[in-house]
Novice: 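Encoded as C-alpha cells, here's the structure I'll be asking about.
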Amino acid sequence: MNNSAVVQVGLYLLVLLVLAWPLGRYLADLFEGHLAERCPRLAASADRFYRLCGVRTEQDMSWWRYALAIVVFNAIGVVVVYALQRLQTWLPLNPAGMAAVEPGSAFNTAISFVTNTNWQGYSGEATMSHLTQMAALTVQNFLSAATGLAVAIALIRGFVRRSAAGIGNAWVDLTRATLGVLLPLSVVFALFLVAQGVVQNFDAPREVTLVQPVTYSQPKLGTNGQPIKDAAGQTVTESVTATTQALPMGPVASQEAIKMIGTNGGGFFNANSAHPFENPTPLTNFFQMLAIFMIPAALCFTFGHMAGDIRQGIAILGAMTLIFLVMVAIAIWAEGQANPLLTVLGMDGSGGNLEGKEVRFGSLQSALFAVITTAASCGAVNAMHDSFMPLGGLVPMWLIQLGEVVFGGVGSGFYGMLVYAIEAVFLAGLMIGRTPEYLGKKIESYEMKMVSIAILATPLLILAGTAIAVLVPAGLSSMANPGAHGFSEVLYAFSSAANNNGSAFAGLSANTPFYNTLLALAMWFGRFTVIIPVLAIAGRLAAKPRLAVTSGTLPTHGPLFVVLLIGTVVLVGALTYLPALALGPIVEHLQLIH
Amino acid sequence: MNTATQTTLPESTWRTLFAELRPALRLFLVLSLITGLIYPMLITGIAQGIFAHEANGSLILRDGKAVGSALIGQPFSDAKYLWGRPSATAPQPYNALASSGSNLGPLNPALADAVKARIDTLRTAQPAQLGPVPQELVTASASGLDPHVSPQAALWQLDRIARARSIPASQVRAIMDKYTELPTLGLFGETRVNVLQVNLALDELK
C-alpha cells in the first residue's frame with residue numbers, strides 16, 4: 001500500500017472507532033433496559049407501544065421460544081414481501097407501471113431480503129414499484145438487521161446471566177433494535193445522502209434531452225412482440241436513435257441509509273452503490289463504508305460493557321481488525337495493478353484496474369469498499385467484483401467464506417465471531433488438557449455440537465450447491481465468463497447466498513428457476529442453521545453458573561487469545577475452501593502471470 | 001445434557017407458536033408502517049423542503065428544459081465533444097433505466113477485444129496521439145452511467161476538440177478546469193472532470 005492508502009485506511013478505522021465507542025455503550029444501555037429506567041416518559045410510551053402490539057414485556061423467553069418467535073417473525077416477512085411483489089401492479093405508488101414480479105424471482109427476493117442477504121437476481125429500476133421498494137424491501141432492511149442484532153444480544157446475555165431460565169424477550173429486542181437504533185441512525189444518514197445528491201421522491205422516471213442523440217441497433221420485434229428472425233434464423237436488428245435519457249426516480253435515500261447501516265446491501269438500482277444516484281460522491285462513499293462497520297464494531301464494545309470487562313470486547317475487535325487489515329492490503333495491491341492483457345494493447349495502466357469501476361472512486365476506494373462489504377455481510381458494491389483481477393476477487397470471496405466474522409453483519413458478524421471464539425477456547429482446552437471455559441461459562445459437549453453445526457452448515461451449503469450447479473446444464477448455462485472465471489462466478493454466488501452477503505460476480509445470470517430456487521434455499525438455511533444453534537448455546541449458557549477465575553483459566557482478553565482466535569478463523573476458512581478456490585481465482589491468477 | 005434440554009423445552013411447540021403469533025403479526029404490521037411508509041415519507045418531505053434540487057436528480061436546466069443530470073453521464077462520440085467512459089448498458093450506452101457494468105472477467109478474451117476496438121477508434125479519431133490511451137476511455141464503468149473521466153483523459157482529447165470546433169485549445173482547457181472536481185478533503189476519491197457539464201459549456205461558447 002502506498003502512503004495515501006495507509007492514510008485513508010487509517011483514517012477510516014479511526015473515525016470508525018470514534019463512532020463505535022459511544023454507540024456500543026448506548027446499545028448496552030438500550031438492551032439492558034437502563035435507557036427506559038433513566039427516562040420514565042420513554043418507558044411509558046414504550047409500554048403503550050408494547051400493549052398495542054400485544055407483547056408481554058415481562059416474559060423472559062426460553063431460547064426455544066425466542067428462536068420460534070424469530071423464525072415466525074421472519075416467515076411473516078417472507079409472505080408479505082412475496083405478496084407485495086406479486087400484487088404491485090395493482091397497488092399504488094407505481095408510476096412507472098411495473099408489472100407483477102415473476103413468481104420464482106419474487107420468492108428468491110423475499111427470502112433474500114428477509115435473511116439480510118439482499119441477493120438480487122432482478123434489476124431494481126426495471127422491476128420494483130416504489131411501494132415494493134418501501135413497504136417490502138426497506139422494511140426488511142430494518143427487520144432483518146434487527147433480527148441479527150436481537151440474536152447477538154441474546155447470545156451475550158447467555159454469557160452474562162447466571163443460572164437463568166431465559167435469554168430475554170424477542171419482541172422487546174426486535175423493537176428496541178428497530179426503533180431505538182436503526183431508525184434514528186437511518187434518518188440522519190438518509191438526510192445526509194440526499195444533501196449529497198441521492199434522489200428521494202415518488203416520481204416516475206424523468207425524461208431529459210440528450211446533448212448528442214445516440215444511434216444503436218436492437219432486435220426488431222414483430223407484431224406478436226417476439227424478435228423477428230430472417231431465413232437463416234438470425235435475429236433481424238433495426239437501427240434506432242434515442243434523443244432522450246430516462247432518469248430513474250424513487251425513494252432511494254431512505255432505503256440507501258438502512259441498506260448500509262443494516263449491512264443489507266440490496267441496491268435500489270441494479271448497479272447498487274456504483275450508481276451515481278445511490279452513491280454520488282467520494283464523501284458519500286466514505287460514510288457508506290463507515291455505516292457498514294459501525295454497528296458491528298460497536299457490538300464488540302457492547303459485549304465488553306455487558307460482560308463487565310471491556311477487554312473481552314476489545315480482544316474480539318482486535319482479531320477482526322487484524323484480519324481486515326491484511327485483506328485490505330492484498331485487495332488494494334491487486335486492484336492497483338492494471339490488467340497486463342490490456343496494457344500490451346496500448347492502454348495506459350497508471351490508475352490500476354478500472355474495468356467495472358467508477359472514476360470518482362478509483363481503484364483504491366473500490367478495493368476498500370469491496371473488502372468492507374464482504375468482511376461484513378453487506379454485499380453492496382461500488383464496483384463490479386466480477387471484473388476484479390483474480391486476486392482482487394479472491395479476497396472478497398474468501399472473506400465471505402470465512403463466515404463474515406470480520407466485523408460481519410449487524411449482529412450476525414458478532415455472534416459468528418463468538419462461535420469461533422468458543423471453538424478457539426475449546427481447541428485451547430484440548431491443548432492444555434482443561435475443560436474449556438469462556439467468560440466463566442463451562443463449554444461442554446452440547447455447546448460444541450451447536451458450534452459445529454453453526455460452523456459446518458454454511459460450507460456444506462456452499463460446496464454442495466456449487467457442485468450441483470457445475471454438474472447440471474441449468475447451472476452451467478448461466479455463466480457469463482469462460483474458463484476458471486465462470487466457476488468463480490458460481491462459487492461466489494453460493495458463498496454469497498449461504499453467508500447472507502448478497503454481492504455477486506454479477507455476470508452470472510442468476511434470475512433463472514434453477515438459481516432462484518437453489519440460492520433461496522442456501523440463503524434461508526444459511527441464516528437459520530446458524531441462528532438457531534446460536535440461540536441454543538445462549539440458552540444453555542444462561543442456565544449455567546459463572547465459574548470463578550483461577551490461575552488455570554485461559555485469559556480471553558490478551559494478545560495470546562487474539563492470535564488463537566485469528567488462527568481458528570483462518571484455519572477453518574482455509575481448510576474448507578482452499579480446494580475450491582484453487583479451481584477458481586487461484587488458477588486464474590496463475591494463467592494471468594503465465 | 002438431557003436434564004437441561006428438558007428444562008428448556010417444557011412448552012409444546014404448537015402452543016408456543018400460537019401464543020406468539022399474535023404479537024408477531026401485530027409487531028410486524030406496526031414496524032412495517034413505521035419503517036416502510038412513515039419513515040420514507042418523512043425523509044421525502046424534509047428532502048423536498050430543504051434539498052429539492054438534489055432530491056430530484058440534480059437536473060441541469062437550459063431554457064427551462066432538463067438536458068441531463070450533473071450526476072449521470074451521457075454518451076458522446078462526435079469529435080467536437082469530450083468523450084466519457086464506455087458504457088455496458090443495453091441496448092444503448094448510458095441507458096439510465098438499465099444500469100450495469102460489463103462484468104467481463106480480467107482474462108475473458110471479449111474484454112481484450114472490446115478494449116482493442118475502443119483503442120482503434122480513439123487512434124483513428126486522433127492519429128496525432130501516439131502515447132498510451134488513458135484507461136477510463138477504453139474500460140467500461142461499473143454503473144454504465146459514470147459521469148466522469150480523469151483530467152489526463154480529458155486533456156488527451158483537448159486538441160481534437162479544439163480543432164473540431166476551430167477554437168483555441170486554451171479555451172477548451174479553461175472549461176475542463178472549471179468542471180474539474182477534487183478529492184474530498186484532498187484525500188478521498190479521485191480528481192475528475194464532469195463530461196456532460198464540459199460539453200454543455202462547450203456548446204454554449206457559440
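Chain letters run A, B, ... following the sequence lines, proteins first and then strands; every chain starts at 1.
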Novice: Based on non-hydrogen pairs under 4.5 Å, which of A/Pro251, A/Ser387, A/Gly77, A/Gly393 is most in contact with chain B?
Specialist: A/Ser387
Novice: Is it the side chain or the backbone of B/Ile34 that comes within 4.5 Å of chain A heavy atoms, both, or neither?
Specialist: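 The answer is the side chain of B/Ile34.
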Novice: So which part of A/Pro340 gets closer than 4.5 Å to some heavy atom of chain B, the side chain, the backbone, both or neither?
Specialist: neither
Novice: Pick one of side chain, backbone, both or neither for A/Met249, based on which atoms fall under 4.5 Å of a heavy atom in chain B.
Specialist: side chain
Novice: Taking every non-hydrogen pair under 4.5 Å, which of A/Asn272, A/Leu210, A/Leu341 racks up the most with chain B?
Specialist: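 Ranked by contacts with chain B, first place is A/Leu210.
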Novice: Does any backbone or side-chain atom of A/Asn285 lie under 4.5 Å from a heavy atom of chain B? Answer side chain, backbone, both or neither.
Specialist: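 For A/Asn285, there is no contact with chain B at all, as no heavy atom is under 4.5 Å.
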Novice: Chain B heavy atoms under 4.5 Å from A/His485: which part of the residue, side chain, backbone, both or neither?
Specialist: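 Answer is side chain: those atoms of A/His485 sit under 4.5 Å from chain B.
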Novice: Do any N or O atoms from the side chain of B/Ser99 and from the backbone of A/His275 form a donor-acceptor pair under 3.5 angstrom?
Specialist: no
Novice: Could you check which of A/Leu68, A/Leu193, A/Thr138 has the highest count of heavy-atom pairs closer than 4.5 Å to chain B?
Specialist: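 Of the candidates given, the most pairs with chain B belong to A/Leu68.
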Novice: To check you understand the geometry: which heavy-atom pair defines the closest contact between B/Ser32 and A/Val139, and what is its length?
Specialist: OG-CG1, 3.5 Å
Novice: Can you tell which part of A/Gln140 gets under 4.5 Å to a heavy atom of chain B, answering side chain, backbone, both or neither?
Specialist: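 The side chain, not the backbone.
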Novice: Has the side chain of A/Asn481 got a donor or acceptor atom that lies under 3.5 Å from a matching backbone atom of B/Pro106?
Specialist: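 Not a single qualifying donor-acceptor pair exists.
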Novice: Measure the acute angle between the ring planes of A/Phe73 and B/Phe28, then classify it against the limits of 30° and 60° as parallel, tilted or perpendicular.
Specialist: perpendicular
Novice: Heavy-atom distances under 4.5 Å only: say whether A/Val187 touches chain B with side chain, backbone, both or neither.
Specialist: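 Interface part for A/Val187: both.
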Novice: Give the member of A/Phe277, A/Phe361, A/Tyr50 that has the highest number of heavy-atom pairs under 4.5 Å with chain B.
Specialist: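 Option with the top pair count is A/Phe277.
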Novice: Measure distances from A/Gln365 to the heavy atoms of chain B and classify the residue's part below 4.5 Å as side chain, backbone, both or neither.
Specialist: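 Just the side chain, heavy atoms under 4.5 Å.
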Novice: Donor-acceptor pair, distance only, cut-off 3.5 Å: does the side chain of B/Arg85 make one with the backbone of A/Lys357?
Specialist: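 Present.
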Novice: Whether the side chain of B/Gln74 engages the backbone of A/Val211 through a donor-acceptor N/O pair (distance < 3.5 Å, no angle test) should be reported.
Specialist: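 Flag set: sc B/Gln74 to bb A/Val211 pair under 3.5 Å.
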Novice: Is chain B contacted by the side chain of A/Arg360, its backbone, both, or neither, given a heavy-atom distance below 4.5 Å?
Specialist: both
Novice: Could you tell me whether a side-chain N or O of A/Gln200 sits under 3.5 Å from a main-chain N or O of B/Pro40, the two making a donor and an acceptor?
Specialist: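 Yes; at least one donor-acceptor contact below 3.5 Å.
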Novice: Check whether any side-chain N or O of B/Gln135 sits under 3.5 Å from a backbone N or O of A/Asn353 as a donor-acceptor pair, and report yes or no.
Specialist: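 Side chain of B/Gln135 to backbone of A/Asn353: no pair is present.
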Novice: Name the member of A/Ala146, A/Gly351, A/Ala195 that forms the most heavy-atom pairs with chain B at distances under 4.5 Å.
Specialist: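 Most heavy-atom pairs under 4.5 Å with chain B: A/Ala195.
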Novice: Between A/Leu52 and chain B, with a heavy-atom cut-off of 4.5 Å, which part of the residue counts as in contact: side chain, backbone, both or neither?
Specialist: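 Looking at A/Leu52, backbone and side chain both touch chain B.
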Novice: Determine whether a donor-acceptor pair (N or O, by modelled atom type, separation under 3.5 Å) exists between the side chain of A/Gln245 and the backbone of B/Gly68.
Specialist: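 No; judged by distance alone, with no hydrogens or angles, the pair does not exist.
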Novice: Where on A/Val80 is there a heavy atom nearer than 4.5 Å to chain B: the side chain, the backbone, both, or neither?
Specialist: side chain
Novice: Relative to chain B, which segment of A/Leu191 carries a heavy atom at a distance below 4.5 Å: side chain, backbone, both, or neither?
Specialist: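 Interface part for A/Leu191: both.
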Novice: Using non-hydrogen atoms and a 4.5 Å limit, figure out which bit of A/Asp203 sits close to chain B: side chain, backbone, both or neither.
Specialist: side chain
Novice: Any chance you could measure B/Leu107, atom CG, to A/Asn339, atom CG, to the nearest 0.5 Å?
Specialist: 7.0 Å
Novice: Please check: side-chain N/O of B/Glu136 versus main-chain N/O of A/Glu358, any donor-acceptor pairing under 3.5 Å?
Specialist: no
Novice: Please give me the minimum heavy-atom distance between A/Ala271 and B/Ser100, naming the atom from each residue.
Specialist: CB-N, 4.5 Å
Novice: For A/Pro205, is it the side chain, the backbone, both or neither that has a heavy atom under 4.5 Å from a heavy atom of chain B?
Specialist: side chain
Novice: Between A/Gln218 and chain B, which part of the residue has a heavy atom less than 4.5 Å away: side chain, backbone, both or neither?
Specialist: side chain
Novice: Could you tell me whether a side-chain N or O of A/Asn201 sits under 3.5 Å from a main-chain N or O of B/Ala55, the two making a donor and an acceptor?
Specialist: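 Answer holds: yes.
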Novice: Search all heavy atoms of A/Leu342 against all heavy atoms of B/Ala112 and return the closest pair with its distance.
Specialist: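 Smallest interatomic distance, heavy atoms only, reads CD2-CA, 3.8 Å.
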Novice: Tell me the closest heavy-atom pair linking A/Gly346 and B/Ile119, and the distance in Å.
Specialist: C-CD1, 4.1 Å
